[in-house]
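Taking it in order: structure first as structure tokens, then the write-up.
Every chain is numbered from 1, with letters handed out A, B, ... down the list of sequences.
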2 protein chains.
Amino acid sequence: MDTSQPPRRVTIIDVARHANVSTTTVSKVLRNAYGASPEMRAKVREAIAELGYRPDAAARGMRGQTYTIGVMLPTIRNPFFADILDGLTDRLRDTDYQILLGTGGDGEDTEERMTDAMIDRRMDGVVLIAPVSSRARLEQIAGLVPTVIVGRHGNSPLYDVVTDDDFVGAALVVEHLSALGHRRIAHIDHSETDPTRLLEMPNAVRAEGYRHAMRAHGLADEIDIVATSYTQEGGYIGAQRLLARPRRPTAIFAGADFVAMGVLEALAEAGLKVPEDISVAGYDNTTFAAFAPVSLTSVDQAGHQIGSNAARLLLERISHRQAPSSQVKLTPKLVVRGSTGRPSVPD
Amino acid sequence: MDTSQPPRRVTIIDVARHANVSTTTVSKVLRNAYGASPEMRAKVREAIAELGYRPDAAARGMRGQTYTIGVMLPTIRNPFFADILDGLTDRLRDTDYQILLGTGGDGEDTEERMTDAMIDRRMDGVVLIAPVSSRARLEQIAGLVPTVIVGRHGNSPLYDVVTDDDFVGAALVVEHLSALGHRRIAHIDHSETDPTRLLEMPNAVRAEGYRHAMRAHGLADEIDIVATSYTQEGGYIGAQRLLARPRRPTAIFAGADFVAMGVLEALAEAGLKVPEDISVAGYDNTTFAAFAPVSLTSVDQAGHQIGSNAARLLLERISHRQAPSSQVKLTPKLVVRGSTGRPSVPD
DNA sequence: CAGAATTTGGGGAACGTTTCCCAATGTTCG
DNA sequence: CGAACATTGGGAAACGTTCCCCAAATTCTG
């Protein structure tokens, strides 16, 4: 590493000198804190503008806040997360907070590395989207930094939670398909083995909602769940297994749009037409679902609202560390498109 | 804000005390710096493990490095960026650096806010993906922090550049279509007005590559570019305009897969079959292009390699701030799929 | 074996903020 | 009008590191 220095950054001391005040006063102005007269504020602001001063976030972090909010998401590949992020961003736009993103990957270890990194950087708060870490770990994090968990059910006194009602979402799909005349409605789930996480993960709640709705519609005997994974490949494999059934389903409810993509591939390969031969529904209402040639019936989760609620809760938690935790549950809605229709051979 | 404190974090002083050494020594061990014997190292590491110590990144930033690398991307919606990010992540996995992402939006102002935020947080280096800022601004950033620019042509002594050869990529598409027998090959470009940026933006280079290749194949008279925007809507509108031509094109080369999505929608709406009635090619080889029912011929940019090269250059620049800047240009390849075929009515 | 060079460990001053004070001045009120 | 109180501004001590030194001990060298 060589030693050549870019010109030294303007510091709060430079500003204080230039405005003929103390650094304390400048600091007060910066933070809109009590104890500086309007004239002082004006003078300081002018000096700041003239010198082009920007506070050093690292230094601020040593004593006060870093004005940084960390958002962890499993991957940036899922466009649904982008909606959540937009909601967060919009809500925080007019605050002094900056959002920085980190990817948590799909494992507990990589997720831990990322959350640790956020804590080490003294972020003022974190939003964890669909985390896979154990509940104990989540509580540990929440004990160290204001935390909001998104997209994972189950609550804790230590953190706030924002979810979409996956139970209702799954029911919406079953209702829709049932109303169209379907009886053999199968579901593709993500297989989860860890018992503690089991009930908190959205996929499990969707599966439960599916089961419940099937029973409610008198279709208890038709309940048929294939557990693969929430990936395109998982959908492909799941569909293949379902097609191999002696009495094969007339409709497939995939747990995510991604999964539906795989299902559609498998169906196309098998020479089946959608929705004439078989209906398909997804979950998340991604751009992909909306794309006309695909036209996938899907459940819309209002990602934007999820994000904006998460931001609101986080700001509240930052200012009231000890307030009782709250849970926000949003209601999804079904977007019906061309991939679902009446079954060709009514049961 | 209330005052309740989570238990104080373990500091370097606690470690020093616990290991019966000075903080200096602990610091040396942490940074693998010269001046600590193997025995000391062992002793210190043990203390670190016992206490569960983690260095405070904010405090480190005050004197030394933050071990943080900022990656700015315009949006997380474009799955191509995910490939680049994977490349970056893989390359940095075994280093002490942590990647944090920021979205730059689509404007110079929001991009400036994000880059400023990264600089304020003393990031050790930044990777800017497809930035829209002015060249002067990019050089200003590069003067303050080691910088690698990705996906934007044009070089500077101040920063390193990694691009894909968009000129060649566009030519690949034209060659392919021409070989199939197409002559009326139209192109949908992103309209850019700013003159300084004009030649550096990938879309401009693609358009130029298209023109050049058309001429090289004796199709100079058939050059037909519609300038809308690199969005799905831009593709939709562009396609509509092209279909309204008296002699309409037999093939459309969209500047991005996103754009091709819009094109496909417009074609479906017009009742045209792909590729029987008209061929379509995209750029970026996103998941969407690979999706079987779409099966879009597209140019693959090797995002992973782009990312891994960017990471390599950044690490080099961090350790040799003054080294001459380098430019890496990767070669794209064409992925032929079902959306392109022989023209139905040969010219 | 003396002197030089190297290795090892540590003391303490930065780094750029915020925040706890305290002092001076102005204001209110009984 | 004097005491209590509010307002305004600033001095200086944190915060948790790194890094420039220096001193002591050890090893090398001729």
Examine the base of C:dG12 for any acceptor or donor lying under 3.5 Å from a partner atom in the side chain of B:T24, and report the outcome as yes or no.
-> yes
Rounded interatomic separation in angstrom, taking NZ from B:K28 and P from C:dT8 | 10 Å
Would A:S133 and A:E111 satisfy side chain to side chain donor-acceptor pair (under 3.5 Å), going step by step from the backbone distance to the final call?
-> CA-CA 7 Å; A:S133 294; A:E111 199 167 285; 2.7 Å; yes
Atom CG of B:D96 and atom P of D:dT18: how far apart are they, to the nearest Å?
-> 11 Å
To the nearest Å, give me how far apart CZ (B:R63) and P (D:dG16) are.
-> 16 Å
Of the candidate nucleotides C:dG10, C:dG9, D:dT17, which contains the atom at the shortest distance from the side chain of B:A36?
-> C:dG9
Options D:dT17, D:dG10, C:dT18, nucleotide nearest the side-chain atoms of A:S22 = D:dG10
Could you tell me the separation between the CD1 atom of B:I12 and the P atom of D:dC19, rounded to a whole number of Å?
-> 11 Å
Salt bridge between B:D124 and B:R60, side-chain N to carboxylate O under 4.0 Å?
-> no
Does A:T25 have a side-chain nitrogen or oxygen under 4.0 Å from the phosphate oxygens OP1 or OP2 of D:dG9?
-> no
Note the angle between the end axes of the helix from C:dC1-D:dG30 to C:dG30-D:dC1, five pairs defining each, rounded to 10 degrees.
-> 30°
Would you say the side chain of A:S37 and the base of D:dG9 hold a donor-acceptor pair, judged only by whether the two atoms sit under 3.5 Å apart?
-> no
Rounding to a whole Å, what distance do you find between B:R122:CZ and C:dC15:C1'?
-> 7 Å
Just by distance, do the side chain of B:T24 and the backbone of B:S22 share a donor-acceptor pair under 3.5 Å?
-> no
Most 5' of A:D56 and B:G35 on DNA chain C, judged by nearest nucleotide | B:G35
Interatomic distance where CG belongs to A:N32 and P belongs to C:dT17 [whole Å] | 16 Å
Ignoring the backbone of B:L30, work out which of C:dT17, D:dT18, D:dG16 is nearest its side chain.
-> D:dT18
Phosphate oxygens OP1/OP2 of D:dG16: is one of them under 4.0 Å from a side-chain N or O of B:T11?
-> no
Side-chain N or O of B:R31 less than 4.0 angstrom from OP1 or OP2 on D:dC19?
-> yes
When every non-hydrogen atom of A:L88 is compared with those of A:G307, the smallest separation belongs to CD2-O, 3.4 Å
Between B:K43 and B:E39, does at least one N-O distance fall below 4.0 Å, as a salt bridge requires?
-> no
To the nearest Å, give me how far apart CD (A:E39) and C1' (D:dT7) are.
-> 12 Å
Quick one: which of A:Q327, A:E139, A:R135 gives a side chain to side chain donor-acceptor pair (under 3.5 Å) with A:S156?
-> A:E139
What is the distance from OH of A:Y34 to P of D:dG9, rounded to the nearest Å?
-> 11 Å
Should A:D14 and A:R8 be marked as a salt bridge (charged side-chain N to carboxylate O under 4.0 Å, His left out) after you check the CA-CA gap, both sets of side-chain angles, and the distance that decides it?
-> CA-CA 11 Å; A:D14 301 320; A:R8 202 180 52 81; 3.5 Å; yes
In Å, rounded to the nearest 0.5 Å, how long is the span from OG1 of B:T103 to CG of B:L101?
-> 8.5 Å
So which one's nearest nucleotide on DNA chain C is more toward 5', B:M62 or A:Y67?
-> B:M62
